[in-house]
Enquirer: 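Structure incoming, see below.
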Amino acid sequence: MDKMVLVGFGDASYGKRPVESQVVLATTPDFLESKEVDVSLLDWKGHKIGVATGSTLASETTSVKNAFGMLEWMRNVFLDALHAAWTPK
């Protein structure tokens with residue numbers, strides 16, 4: 001657990017039926033150097049976009065923002081579970 005890295009991705013489509021998805025993975029720092037590593041799926045979400053967006057860029061930005069929120073929440077869960085003295089900011 002000392003070397004665990006959390007990684008998040010978000011993607012979206014734009015058009016008549018826009019959808020977005022986010023994924024949060026746990027892995028090792030070697031992932032950040034594009035090395036082949038094992039990953040663990042911690043969270044995944046895929047759904048229709050609830051807010052109308054005016055462009056592909058807006059859809060992608062919303063999806064990445066949501067992925068970052070999931071990643072931050074998962075980080076806080078791990079820090080809270082592993083470090084008794086830690087408090088969220």
Side-chain angles (χ1 to χ4, degrees):
M1 292 289 254
D2 293 339
K3 303 279 183 183
M4 183 176 70
V5 174
L6 297 177
V7 181
F9 296 97
D11 193 24
S13 68
Y14 176 74
K16 291 182 181 180
R17 289 182 276 171
V19 295
E20 68 174 311
S21 60
Q22 297 86 27
V23 64
V24 176
L25 308 169
T27 187
T28 65
D30 288 338
F31 180 91
L32 304 175
E33 298 175 14
S34 299
K35 295 180 181 176
E36 188 172 321
V37 295
D38 292 330
V39 298
S40 295
L41 177 65
L42 299 179
D43 199 4
W44 174 82
K45 183 177 183 182
H47 58 92
K48 292 193 300 186
I49 296 175
V51 177
T53 57
S55 67
T56 302
L57 180 59
S59 297
E60 296 282 352
T61 302
T62 300
S63 182
V64 170
K65 176 189 70 81
N66 292 337
F68 183 76
M70 289 171 60
L71 190 60
E72 184 70 14
W73 181 84
M74 191 65 64
R75 176 185 172 272
N76 290 340
V77 167
F78 275 101
L79 287 172
D80 191 40
L82 299 174
H83 301 287
W86 181 83
T87 56
K89 297 178 183 176

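What you see below is based on every heavy atom in this structure, not just the backbone, and it leaves out hydrogens, waters and symmetry mates. Here, residue 1 is the first one in the sequence, and each next residue gets the next number.
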Enquirer: Establish whether Met4 and Val24 are linked, either directly or via other cluster members, by ILVMFWY side-chain heavy-atom contacts under 4.5 Å.
Expert: yes
Enquirer: Any donor-acceptor pair under 3.5 Å linking the side chain of Thr27 with the backbone of Asp38?
Expert: yes
Enquirer: Give, for atom CG of Leu57 and atom OH of Tyr14, the distance between the pair rounded to the nearest 0.5 Å.
Expert: 11.0 Å
Enquirer: Starting at CZ of Phe78, measure out to CH2 of Trp73 and round the result to the nearest 0.5 Å.
Expert: 9.5 Å
Enquirer: Among Asp43, Leu25, Leu42, whose side chain to side chain contact (heavy atoms under 4.5 Å, CB included) with Leu6 holds?
Expert: Leu42
Enquirer: Is there side-chain contact between Asp11 and Glu20, with heavy atoms separated by less than 4.5 Å?
Expert: no
Enquirer: If I take atom CG from residue Leu71 and atom CG from residue Asn66, how far apart are they, to the nearest 0.5 angstrom?
Expert: 12.5 Å
Enquirer: Answer yes if Val39 and Trp44 sit in the same cluster of Ile, Leu, Val, Met, Phe, Trp and Tyr residues linked by side chain heavy atoms under 4.5 Å apart, and no otherwise.
Expert: yes
Enquirer: Are Gln22 and His47 packed together at the side-chain level, in the sense that at least one heavy-atom pair is separated by less than 4.5 angstrom?
Expert: yes
Enquirer: Do Phe31 and Val5 touch side chain to side chain, with heavy atoms closer than 4.5 Å?
Expert: no
Enquirer: Can any side-chain N or O of Ser63 pair as donor or acceptor with the backbone N or O of Ser59 at less than 3.5 Å?
Expert: no
Enquirer: Heavy atoms only: give me the nearest Ala12-Glu60 pair and the separation to one decimal.
Expert: O-OE2, 2.9 Å
Enquirer: Look at the side-chain heavy atoms of Ile, Leu, Val, Met, Phe, Trp and Tyr, link any pair under 4.5 Å apart, and say whether Leu41 and Val37 land in one connected group.
Expert: yes
